Engineer: 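Before I ask anything, let me first share the structure, which is written out below as structure tokens.
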Protein chains: 2
Amino acid sequence: MNAPTSVIGTAAATEANAFLSLANGDRLDIEAIRQHVPVRRCKHAAGQGVYHAGQPFLALYLVHSGSYKTCELADDGREQVTGFRMRGSLMGTESIGLKNYSCDVIALEDSEAWELPYPAILRACLHLPELQAYITGALAAEVRSDRSWMLMLGTLAAERRVAAFLLDVAARYAHLGYSAKHFILRMSRIDMASFLALKHETVSRALSRLHDLHLISVQRREVQVLDVDGLRALAGSGLVLN
Amino acid sequence: MNAPTSVIGTAAATEANAFLSLANGDRLDIEAIRQHVPVRRCKHAAGQGVYHAGQPFLALYLVHSGSYKTCELADDGREQVTGFRMRGSLMGTESIGLKNYSCDVIALEDSEAWELPYPAILRACLHLPELQAYITGALAAEVRSDRSWMLMLGTLAAERRVAAFLLDVAARYAHLGYSAKHFILRMSRIDMASFLALKHETVSRALSRLHDLHLISVQRREVQVLDVDGLRALAGSGLVLN
DNA sequence: ACGGTTTGTAACAGTCTGTAACAGCGCGTG
DNA sequence: CACGCGCTGTTACAGACTGTTACAAACCGT
């Protein structure tokens with residue numbers, strides 16, 4: 001608590017050129033793409049949707065700032081958060097090959113995503129073979145990440161899932177140049193719970209428990225990681241990073 | 001029970017040309033690929049692995065006959081079945097972009113998969129643009145399928161998961177030209193349970209319960225669907241097909 | 001026919017859930 | 001700027017479902 005909250009939000013990533021980064025470390029400069037694809041910057045208020053299931057699939061979206069959640073929904077009303085997206089994440093790839101988007105994407109806070117019209121991307125792939133490879137690689141990474149979470153959800157108890165989730169969030173912040181030990185969760189307990197296949201009360205209890213065990217310090221959405229190794233021991237070692 | 005078991009296994013798909021079929025209905029003839037890619041037919045006995053996590057990523061595999069399971073595993077020994085593959089399914093795509101495979105693939109019965117060396121595939125993509133599109137589309141479909149299962153696992157109780165699973169299996173058999181109402185499960189209760197994030201006893205109970213409700217008739221691995229609508233009502237309507 | 005594996009059933013225990021009440025924070029309104 | 005409402009988050013307790021453990025039966029390959 002005596003850590004200045006001001007460090008939160010000190011990003012290495014700035015307004016400077018965005019990039020598309022891949023699991024293998026490859027980075028594709030967005031500027032190269034801009035020469036072939038008309039990019040529109042889209043701002044989204046907290047709670048606002050980027051696209052919804054059923055709408056015509058027209059573009060991919062690159063997260064530039066803020067954060068988003070992807071939601072899967074069934075015709076009978078059931079819904080499930082299937083992932084959280086931060087800067088550098090390419091959204092909409094799951095709908096490639098379809099006429100319409102297959103899921104919803106919603107901003108968790110005031111955010112910005114860059115719209116990349118898909119037909120233009122297809123044309124750009126002819127000029128930029130590495131763009132094609134990038135998209136394929138990003139999709140493969142998405143599959144691996146999803147499978148990794150299936151492993152978590154299928155094998156870990158509630159408390160451990162929450163620990164694994166916090167470690168994942170921490171790693172993602174670290175990757176973006178933010179602190180991995182002190183951060184603000186951008187999603188509600190309900191969204192976390194949905195993603196982790198738990199109830200929000202269970203998530204609350206688990207977080208309180210991790211707090212009591214001195215593994216973390218948590219106050220509403222502000223989290224400090226006090227014992228990374230302890231968390232790792234609970235979560236049972238690594239997750240495939242996005 | 002009085003239905004002749006001989007109908008099981010009467011396939012529309014035969015030794016004739018294999019094909020790669022996509023969610024949008026596209027089919028890519030394997031013969032076109034064979035002109036660019038050296039295909040090796042690999043037979044696998046029940047329980048035998050096709051590839052394992054950590055081994056160098058060298059090839060994709062197209063299921064020609066039989067069935068396989070894909071397994072995710074953590075360093076601490078936890079493991080989880082993340083999917084079942086049948087004829088027409090392309091395996092290994094999740095490892096594109098990596099030096100090594102990220103998961104295990106194991107044959108559930110005596111099966112055959114066709115090995116497609118990845119470097120040759122990459123070269124073939126230059127001559128066959130639809131192959132590139134196919135692989136991208138297959139990956140996107142995989143993401144959608146996985147997310148669909150996340151929704152199931154996150155929102156359905158045990159009995160409903162099993163119902164949804166049976167409907168999925170039925171649909172896949174139907175797609176291959178087999179009966180959707182009478183089939184043999186190729187995987188053990190343990191594999192089913194792992195995939196559904198349950199214990200095998202729970203799967204047994206759920207199957208017995210569905211039997212008692214006259215929705216299915218089940219005897220060990222032989223399943224007959226007696227009431228599709230009843231099952232659908234339980235499972236809460238559709239799954240994104242692979 | 002045999003032993004090992006897979007599957008089914010049961011009783012018990014445990015975790016997670018459901019419900020409820022309350023507290024804290026944000027936000028709009030007056 | 002204060003107030004009050006609503007949403008979010010926390011905690012407690014009872015209860016339901018699933019997991020656990022144990023054992024028996026059916027099946028399989030040798």
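Worth saying up front: this structure is predicted, and the values here are computed from it rather than measured.
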Engineer: Distance criterion of 3.5 Å, no angle test: do you see the side chain of A/Arg205 paired donor-to-acceptor with the base of C/dG18?
Structural biologist: yes
Engineer: Mind calculating the distance between NZ (A/Lys199) and P (D/dT10) to the nearest angstrom?
Structural biologist: 17 Å
Engineer: Got a salt bridge between A/Lys43 and A/Asp110, using NZ or NE/NH1/NH2 to carboxylate O under 4.0 Å?
Structural biologist: no
Engineer: Distance check needed: C/dG24 P versus A/His200 NE2, whole Å only.
Structural biologist: 18 Å
Engineer: Between P on D/dT8 and CD1 on A/Ile184, what's the gap in Å once rounded to a whole number?
Structural biologist: 17 Å
Engineer: Assess whether a salt bridge exists between A/Asp212 and A/Arg209, defined as any Lys/Arg side-chain N lying under 4.0 Å from an Asp/Glu carboxylate O.
Structural biologist: no
Engineer: Could you state the CD-P distance from A/Gln219 to D/dT11, rounded to the nearest angstrom?
Structural biologist: 11 Å
Engineer: Can you identify which nucleotide, out of C/dT17, D/dT8, D/dT20, has its nearest atom closest to the A/Leu198 side chain?
Structural biologist: C/dT17
Engineer: Does the side-chain hydrogen bond (donor to acceptor under 3.5 Å, both in side chains) test come out yes or no for A/Ser67 and A/Glu109, once each step is laid out?
Structural biologist: CA-CA 6 Å; A/Ser67 43; A/Glu109 57 189 313; 2.5 Å; yes
Engineer: Rounded to the nearest angstrom, tell me the gap between atom CZ in B/Arg189 and atom P in D/dA25.
Structural biologist: 19 Å
Engineer: Under a 4.5 Å cut-off applied to non-hydrogen side-chain atoms, are B/Phe57 and B/Tyr51 in contact?
Structural biologist: no
Engineer: Report which part of the nucleic acid B/Ser188 touches: base, sugar-phosphate, or nothing (heavy-atom distance under 4.0 Å, all strands).
Structural biologist: sugar-phosphate
Engineer: Over how many whole Å does the gap from B/Asp191 atom CG to C/dT6 atom C1' extend?
Structural biologist: 11 Å
Engineer: Can you tell me how far P of D/dT8 sits from CD1 of A/Ile190, to the nearest Å?
Structural biologist: 6 Å
Engineer: Of the options C/dT7, D/dG19, C/dT19, whose atoms approach the side-chain atoms of A/Glu201 most closely?
Structural biologist: C/dT19
Engineer: Rounded to the nearest angstrom, tell me the gap between atom CZ in A/Arg160 and atom P in D/dG19.
Structural biologist: 15 Å
Engineer: Given C/dT6, C/dG24, C/dT17, which nucleotide is nearest the side-chain atoms of A/Arg220?
Structural biologist: C/dG24
Engineer: State whether B/Ser208 places a side-chain N or O below 4.0 Å from either non-bridging phosphate oxygen (OP1 or OP2) of C/dT9.
Structural biologist: yes
Engineer: Look at the side-chain N and O atoms of A/Thr202 and state whether any lies under 4.0 Å from the OP1 or OP2 oxygen of C/dC16.
Structural biologist: no
Engineer: Identify whether the distance between the nearest side-chain nitrogen and carboxylate oxygen of A/Arg144 and B/Glu142 falls below 4.0 Å.
Structural biologist: no
